[in-house]
Structure formats: structure tokens, C-alpha cells
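Note that ligands are numbered from 1 as they come in the structure, with each ligand's atoms numbered from 1 the same way.
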Amino acid sequence: MNEAWYKQAIVYQIYPRSFCDSNGDGTGDLRGVISKLDYIQSLGVDAVWINPIYLSPNDDGGYDISDYYTIQPEFGTMSDLDELLEGLHARGLKLIMDLVLNHSSDEHAWFVESRKSTGSPKRDYYFWREGKNGGPPNNWPSFFGGSAWEKDPATGAYYLHLFSRKQPDLNWEHEDLRKEVRDLMEFWLKKGVDGLRLDVISAISKRTDFPDTDTTNFNETIRRYYANGPRLKEFIAEMRHSVWDRYQVMTVGEGPGITPDNALEYLDEKDGLSMIFHFGHMFMDQGPGGRFDPIPWTLSGFKQVFALWNKTFEHRGWGSVFLGNHDFGRMVSRWGNDREHHNASSKLLLTLLLTQRGTPFIYQGDEIGMTNYQLRAVSESRDIETLNGWRDAQQRGLSEAEFLKAANYAGRDNARTPVQWDDSAFAGFSGATPWMPVNSNKSGINVAQQETEQGSILNYFRQLAKLRKQHPAFSFGNCTTEDVGVEAIFLYRREYKGDKMMVLLNLSDESQIWPLEAMDQQSEILMSNYADRRYAGSDLRPWEAVILKG
Ligand code: ISL
Ligand code: CA
């Protein structure tokens, strides 16, 4: 097992727009992040992944880039970025930047030139096709609702956009485009950036014969038509050998459509990515209609996803462990109980994050147990996926209240409310009205209050990060799940060079009988989210997490 830094690292994800606003314009920015570097270091994390900070019209939260070489002015300047990088490195922390290469903004110079005429030199940097029977070239749906094709008046042709119409897909079949991508990557790596998160990398090679999808199951359409195209391995290998290897950079590919059956193809030690984000658990509560068609999920299904991916990466490849990010509901609201057992279930989920096998990615605010925000009206949403979702829901005859129920559970606005630093007017995030409302529970859930509280989620996270560092078994150990016949109990063991650990999680509101009679009472309790847990054997309380030797 190579001891690559990223296999031991804990990564902290920062969504800069909502992290900290340094200049009182209501929007988070790089100087806001710089002002919190000591806090980030105090968590015991090793790296920061920052969401896109490049020039963007902000149609999709910065995932629509109009200039890859310029910092979005509302976030700050290039010298702010250089200072952030320096500040992280001075504290022994690494920086992972987020590159969006499946598509650009429609305001990027490449697309402005490409759409001008069919003879434009940049025409084939994007996918242009003639319509069919007066409609789009095929029936592909966009991730953000509606067709994945937009008719462009200038030439009457359609262009492909798997996401919003302001995010035209880049045509990776084009040599010159791939060269431009390598150049922009090198620009950031030359600055000493330590890692790259590659947005929707699984889709840079797609079915360019563009057949109709034969399924209404969107995740199936992604897997078989948008992702895992015939040249995906080739394109990844080309970047690896021509750029990444010269900088020893860690690469984490975001992979909708990547499955346990094909993941290893993209993680080859020589030609592949360092690791991937898979979505096995993240889509399990999405019905055939996608995000706003939530369906119940089961604990056995949840546990199976972890067991399946641990099996996949048992000998080769490497994965990430995440329970939330800027694209999903807050983890404690989605997987825990953010009402009666907010403290215990937040700590239990953090325990799962930091003791499972794979690089943990913790999303800003989850270290203090921030919860879902409840949009009071769709008009409060700032997310194109929610706004388009409402447009489609209306066509299905849904009332706003019905749609809001789904959006307040699964929508992306939930995770994008300002980080709650203290209980002042705007939670210490800004001196001005923030771009998104602050969650009303800021007085009960904020960093300042938890800094001094012994049993706080924040201090529990710090202890957990320390424990993980003390035991390489949590980074490199194998991970075997044990079925104890109780669905609510998630029990797994980690073992590495004789260091054995067992993790017991009770993911329910009820107490559960301790599952292992054979467990001798002397087992050393390393940590629990219940301060009075002294010995093995007594019942597991609601949402109790216990880490033991052995
Ligand atoms: O939100 C989702 C739809 O259910 C996810 O599938 C997500 O859109 C997908 O995983 C890709 O996400 C990434 O690319 C998007 C951007 O909106 C997301 O924020 C980013 O994480 C387009 O760039
Ligand atoms: Ca600002």
C-alpha cells in the first residue's frame, strides 16, 4: 500500500460563498477563508478542498467557468489566492482546487467564438448537432431538468449541455481543446496546488453518436450514455502522463455513473486518478424522477454501499467517504436525527466519516452539526437545480408546498446557508445581509458556543481526528462489516499490522442490546459519543457510537 499523503488525510470542504465574508458585501470570499486558517488547522484536518473560485456568471454556483485563469472578483484576487495557499502550506495544510472540465460557461471566449458560425475555428470545442423532427437531436434530459440540448439562433443548430443551458459541454474529442485544458491545469499546479477535484470527470467521454436513451431512470442514463464513454481511460491517462505526474498532484474524480464494476478502470496506479467520489449512498433516496422525487432509504442499503465499495477497493484503488457536500442536504438532517438526537447523531455520523476506509471529506459546518435550512418559498432558493425543479414540478401539477417538502429535504440550498460562527445577527459570517438567509437555529448551533463546550460536536470532531491520526488502521486498515442481525446496528472492524479496532454505531432512536455477548468486558473503549460509556456490554443508547480496541 503506498503511503500517499491523501490516504491518511482528512479533507475539509469549503464552499467559499458561504464560509466567511471579510468585506461586508454578504458574500463569502478568500480573505474570509484566510481569516479562519487557525480555526481550520485546529480541527486537525490535513487539506482543504475549495469549490470553484474562477470567473463565472454564477449560473450554477461557479460551476460555469468563463475564464479558468482569473479569480471571481467577488471572491477576491489572485494575490488573495496566493496568500491563502501560502497560509495553508505554512500550517502544514494542503489545497485541493476544483476544476470543471466537462463544460464551460456559455460566456467563455471559446463558446462565444464557437457559436458565431459553423465555420468558426472553435466550433468543435463544443457539441453542435442538427435538430430532429423539429426538436432536439435526441431525448437526453439535463441534470437540471428539460432537454440537454439548446437551439442556438445564430446557426439554428443545437448544442449539448448536460447541466444548465449556460454550461455547454466541452468536446474532449478535439485535440486542441484537450491541449488548452492541460495548459490551464498546469497554470494552477505551477502555483503549488496539491490536489485537483475533477468535476463530473466521468462524463468527459460520452456517447458521441448521441443515441436516444432507452430508459427513464436518470441514473441509468448517466451511467450508460453520459459517463464511462469509450475514451474516458485514454483522456485520464493523457492528463496523468502529460501533466499530473510532473507535479505529484492528488486527483479526486467526481464520478456520477462510476460503479463498483467499472471504478478500478479509472484508478489504475500508473494511468488513473488517485481516487473517486462515488454516489452509491447519495442517490439511494432519489426516485426515478431524481432529486425532487425522494423515496425512503433503508439502513441495510446504506450499510451495503459501504461494504460493497470496501470490497471493490480491498486490494486496489481508493475511495472517499463523504455524507454531505454542497450538492446535498445536511448530513445530520438526512441520515441522523436533527431534532431529539441532534448532538449524538451528528457525532455518530462524524465517527462513521472518520473511521470508515477511504479519505474522509467533511463539509463545512458539519463539524458543528449544522442542519437543513427550510426554504419558506421557492423564491428564497438560489440554486438553479431547485428553481428548474420547481418549473418542472409545476408542469406535473405539484403545489409549492409539496415541492418545498422535497426541496427542503434534498435540495442543494440546504448546505449553502452561511456557516454559523456565533449567534450575532448574521452568525458572524458577515456584517451585511448574506446572499442566503442564516439558519434560524444559529443561536443553538455555532462555533463560538461549541469551542468552549466540553461535550460539543466540534470538540468531539477534534478528538476523533486526533484518534484517527494515532491509529494508521483507520487509514490503511482493511474494513470488514459484521452483520449482527439488527438493522440499526452498523458494526465494522479495522485491522492493520496487528492494530485492531471495532466501531459500533446505533443508527436509531431506540436503545439496542449490545450485539456481541462474546465481547469481554475488558475491551478498551477508545471513544464514545456518550461521555458515560465506560465498558462494553451495556445497551447501546440512541445514536450511540463506540470505538473499541479489538
Ligand atoms: O446534484 C446532483 C444531481 O442529482 C449531482 O448528481 C451533481 O449534479 C453531479 O454529481 C455533478 O455535480 C457537480 O457538477 C455540477 C454542479 O452543479 C455540482 O455542484 C458539482 O458538484 C455541474 O458542474
Ligand atoms: Ca465578501
Quiz item: cation-pi between R291 and F328, 6.0 Å / 45°: yes
Flag, side chain of S320 to backbone of I276, donor-acceptor distance under 3.5 Å: yes
Near the Ca ion (ligand 2) (under 3.0 Å) - protein N, O or S atoms: D21 OD1, N23 OD1, D25 OD1, T27 O, D29 OD2
Heavy-atom donor-acceptor pair, T251 side chain to L196 backbone, under 3.5 Å: no
Test ring pair (Phe, Tyr, Trp, His ring centres under 6.0 Å) applied to W140 and Y226, step by step: CA-CA 9 Å; W140 290 10; Y226 301 174; 4.9 Å; yes
Lys/Arg cation over aromatic W435: R17, 6.0 Å, 45° cone: yes
Ligand 1: protein residues within heavy-atom distance under 4.0 Å: D60, Y63, H103, F143, F144, F163, Q167, R197, D199, V200, E254, P256, F279, F283, Q286, R291, H326, D327, E385, R412
R416 bridged to D383 by N-O distance under 4.0 Å: yes
Exam field: side chain Q13 to backbone F361, donor-acceptor pair closer than 3.5 Å: no
CA sep, side-chain torsions, deciding dist, call: Y6, D194, side chain to side chain donor-acceptor pair (under 3.5 Å): CA-CA 10 Å; Y6 58 80; D194 307 285; over 6 Å; no
Aromatic plane relationship, W335 with H281 - under 30° parallel, 30 to 60° tilted, over 60° perpendicular: parallel
